[in-house]
Amino acid sequence: MKILVNCALPYANGPLHPGHIAGAYLNADIFVRYQRMRGNNVLFVSGSDEHGTPITITAEKEKVDPYVISSRFHEEHLETFRNLDINFDIFSRTTYPEHSETVKEFFMHFYRNGLLKERMMVSPFCPTDGRFMPDRYIEGTCPYCGYTQARGDQCDNCGRTLDPQELIEPRCILHGTPPEFRETKHLFFQLEEFQDQLLEWLDTKTFWKPNVMAFTRNFIKSGLKERPITRDIGWGVRVPVEGYEDKRIYVWFEALIGYVSGARIYSRETGQDDYWKDFYFNPEVKNYYFMGKDNIPFHTIIWPAMLMAMGKYNLPYLVTANEYMNFKGLKFSKSRGIGYTVNEILKLVDRDYVRFYLAFNLPEGGDSDFSLEDLQNRVNTELIDKYGNLVHRITSFVVNSQIVPEFNVEIMDETDRTILSQAADAAANFSHHVEAVEIKKALSSWLELVRQSNSYFNDSAPWTLKKTDPKRCSHKLHISLYLIQALSAMAYPFIPSSSVGMLTTMGSKKFRENGINWDLTELAGSEFTPVKSDPPFRKLDIIKGNPNFLDLKIGEIVDVKNHPSADRLYIIRVNMGYRSAQVVAGLRQHYSPDQLLGRKIIIVDNLKWSKIRGEESQGMLLAADDGKTVSLLSPGDTAVKPGTPVKIGDYEYNTSGKIDIDKLKEAKLHIEEVDGTRRAVAVLDNEILPLNASGALFSSYEEVSSGATVR
RNA sequence: AGCGGGGUAGGGUAGUUAGGAGAUCCCGACGGGCUCAUAACCCGUAGAUCAAUGGUUCAAAUCCAUUCCCCGCUACCA
């Protein structure tokens, strides 16, 4: 059976972080590996999306050609995927000539069929640069609320959608000069013509995940409108029509066609030019699309409409989209310094550990959270302790005891029958879930069998049977080996290289003969000759040597109430980004509620909760006190988001557990001159280190003298 | 403001589409077992007013309504 799997093309304008991988690529790779184990013929395509404004902006900043930027990240992405064992058949580029040709074919087909209509638009034109500017490059005063920094597409203050012409005193953000509004012509794709056909098609997609369907229906409900597919920009695929020499095709239209051009390029490179055609034109072939949630409407509305317009192309069979994987509750962001890139993580952690953790934590149902501590914990306990140790204890027992494992149907007992039926159930559930792209559920049924297998081995106690009933011992060992063979085969899509290692160690005859395939999960014909080996995994120990025991976070005061039974105390509610906390603070003599509201402050988030005069305090806010003045600590950068972790020096908090007030005092938080400015510092390992978040240091809101203690 | 997602034991989570078993699993705490194994594995105990309020129902974490709180998107970006 042939299957086409397309993954949203990552934008070549920055490094990949775990959120990208968990959003679309790892689940696709797992799906593809599984399908290949089942003997299916998969074409697995993705590539770099290289066009679009952001890349030109980066290029302008660095004063290089946009191609330099996209090439840099294309290479980097290729390496990241390779390092993670995510193996596309082709990872193409939208700057390849074959891509432009394919885009041209689509374009001309639409053009000839009257699906592209010319419209005049009025766009801002910067006379200083002599070119049209994107709407968001224009800034001015909002006509509705008077906000002076409203953007041309939207006002950040009142949230209203704007047209750049509506702005009072518009100016170009690059030059500060007022733009002219000039007429410019563009071609519009007649999306609305496909509305009925799309709705009809969507009605057949009862098996799609609710998030995808809800998003799509909502989008259509608000009305499909014709969309411009050309724009005034110099970077992109040329428009193959006279009078459009200065314009390029809009990326949203062109990047999607990258799936087709990628498949064609792969076919040509492998010397079978027509190979791709069956995947797109044979209606028996199912087409799967993987992406993050932001990409849903492009794949459930625009791309299907384009394929409908082309006529004979297969429409997507399943469109699956994950939510976001965040970093400690905040969105991964290279520019804001939140989280790590995949390549940074791979320097510390084996690829299979990363794959396992991300798969375990995939944001399939809702957003999930990434952290190195959690990664280490999950990998050490579930992958290594439970599974790795199971494989190792079984194979090394067999090797050391020199018992030949042999299945004997006549001495099957109840526990044997139970575990074998559990194994069959697990394999069936696993298949069902992977096929439905419910990767986390598949992994759960695998983990359940790991647990059951450990339990079985414990109950079997072959170390006792060895002396009392060698025949039964040999029989139980054979079943145990069969279990880890099945588990390792099932684990292959998740942790490919480790899985192969396991099967080699246990001396699986089927594996030697057929390579990894799904038949490994069948008991019949299984034979094993385990070899002596080291434990299959080394435990992770990456969280250490860090003296920072303070979990400090940026908080924003959202509510202040008087404590009902204490004259000096406030009850303050603090927004911590991914949650809020109530703290009791003795600030009534120093601040009025109005002064506190909206302020960004630092919260100690791993302090033991306590009741202060009957009210729960879930942390402590930091304030400096020099004996005269009490002042809250102020983050140097007021744009810093609530929930942002505060580092001490370069140390990020990454242990766990609550501390008490006495422990907090050991950090000796105080105010001290750093480079001529009074800063909040802590003492760790006899070293004075400044508190900082997103690169900014902290001072106090009110002036306090150097040496003031922070409490 | 609009749209999307969320609030379940000390922490992290599953379950919510199709309402009913003791609400799942991991870490952490406590007790026991085993000794093949990487201080690992197995068994058990404690710990949750399933955000709040109201409603539908014989029955609600799950359905409906209202409210509160959080995140994301609406600036390129899974």
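So you know, we letter chains A, B, ... as the sequences are listed, proteins then strands, and number each from 1. On a predicted model such as this, the values are computed, not experimentally measured, just so you know.
Going from the P atom of G28(B) to that of C64(B) covers 39 Å, rounded to whole Å. Nucleotides C50(B) and C63(B) have their C1' atoms positioned 16 Å apart, rounded to a whole Å. Using C1' as the reference atom, C27(B) and U13(B) are 11 Å apart when rounded to the nearest Å. Nucleotides U16(B) and A21(B) place their P atoms 13 Å apart, quoted to the nearest Å. For the C1' atom pair drawn from A23(B) and A48(B), the interatomic distance equals 9 Å after rounding to whole Å. C68(B) and A29(B): their C1' atoms are spaced 33 Å apart (whole Å). For G55(B) and G19(B), the C1' atoms lie 15 Å apart once the distance is rounded to whole Å. For the C1' atoms, the distance from G12(B) to G7(B) is 14 Å, rounded to whole Å.
Both key distances under 3.5 Å define a Watson-Crick or G-U pair, and stretches of 3 or more such consecutive pairs in RNA chain B run B:1-7 with B:68-74, B:10-12 with B:25-27, B:29-33 with B:41-45, B:51-55 with B:63-67.
Atom CD of E323(A) is separated from atom C1' of G7(B) by 16 Å (rounded to the nearest Å). With rounding to whole Å, K467(A) atom NZ is found 13 Å from C34(B) atom P. Rounded to a whole Å, the CZ atom of R378(A) is 8 Å from the P atom of C27(B). Atom CE of M213(A) and atom C1' of U17(B) are 12 Å apart (whole Å). In this structure, the CD1 atom of I384(A) is 15 Å from the C1' atom of C27(B), given to the nearest Å. One interatomic measurement links the two molecules: CG of N295(A) to P of G72(B), which rounds to 20 Å at whole-angstrom precision. Distance CG (N389(A)) to C1' (C34(B)): 13 Å, rounded to an integer number of Å. In this entry the distance linking CG of N380(A) with C1' of C26(B) reads 13 Å, nearest Å.
The nearest heavy atom of RNA chain B to N454(A) and to H392(A) marks one nucleotide each, and the one closer to the 5' end goes with H392(A). Between S368(A) and R451(A), the residue whose closest nucleotide on RNA chain B is further toward the 5' end is S368(A).
Residues Y353(A) and F537(A) bring their aromatic ring centres within 6.0 Å. A distance below 6.0 Å separates the ring centres of F370(A) and Y357(A). Taking the six-membered ring for Trp and the full ring otherwise, the centers of H20(A) and Y25(A) sit at least 6.0 Å from each other. A centroid separation of 6.0 Å or more is found between the aromatic rings of H77(A) and H74(A).
Of the candidate nucleotides C36(B), U13(B), U38(B), U13(B) has the atom lying nearest to any side-chain atom of D369(A). Of the candidate nucleotides A14(B), C26(B), U38(B), A14(B) has the atom nearest to the side chain of K440(A). With C36(B), C42(B), C71(B) as the choices, the nucleotide that has an atom nearest any side-chain atom of N326(A) turns out to be C71(B). Counting only heavy atoms from C-beta on, N13(A) has its side chain closest to C76(B) among A14(B), C76(B), C42(B). Checking G15(B), C27(B), C42(B) against every side-chain atom of T381(A), the shortest atom distance belongs to C27(B). The side chain of D374(A) lies closest to G12(B) when the candidates are C42(B), G12(B), C76(B).
V319(A) places a side-chain heavy atom less than 4.5 Å from the side chain of M291(A).
Within 4.0 Å (heavy atoms only), F290(A) reaches no atom of the nucleic acid at all. Within 4.0 Å (heavy atoms only), P10(A) reaches no atom of the nucleic acid at all. Residue F360(A) is out of contact with every strand shown, counting any heavy-atom pair closer than 4.0 Å. G23(A) comes within 4.0 angstrom of a nucleotide base, judged by non-hydrogen atoms across all strands. Within 4.0 Å (heavy atoms only), Y11(A) reaches sugar-phosphate atoms of the nucleic acid but no base atom.
For the pair W463(A) and C36(B), the ring geometry qualifies as stacking, because the centroid separation is below 5.5 Å while the planes lie within an angle under 30°.
Note on K466(A): every side-chain N or O is 4.0 Å or more away from OP1 and OP2 of C36(B). Proximity of K386(A) to the phosphate of C41(B): a side-chain N or O atom is located under 4.0 Å from OP1 or OP2. Within the structure, every side-chain polar atom (N or O) of R393(A) is placed at least 4.0 Å from both OP1 and OP2 of C34(B). For the pair T58(A) and C76(B), the criterion of a side-chain N or O lying under 4.0 Å from OP1 or OP2 is not met.
Residues I403(A) and V398(A) share a closest heavy-atom pair of O-CG1, 3.5 Å. Taking all atoms of both residues into account, the shortest heavy-atom contact from N322(A) to A22(A) is ND2-O, 2.8 Å. Taking every heavy atom of both residues into account, V399(A) and P530(A) meet most closely at CG2-O, 3.6 Å.
Counting only distance, with no hydrogens or angles, the side chain of T80(A) and the backbone of E76(A) share a donor-acceptor pair below 3.5 Å.
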Inset, instruction - Evaluate the side chain to side chain donor-acceptor pair (under 3.5 Å) criterion for residues S488(A) and Y387(A): first the C-alpha distance (whole Å), next the side-chain angles of each, then the deciding distance (0.1 Å), finally the verdict. - result: CA-CA 9 Å; S488(A) 300; Y387(A) 167 64; 2.8 Å; yes
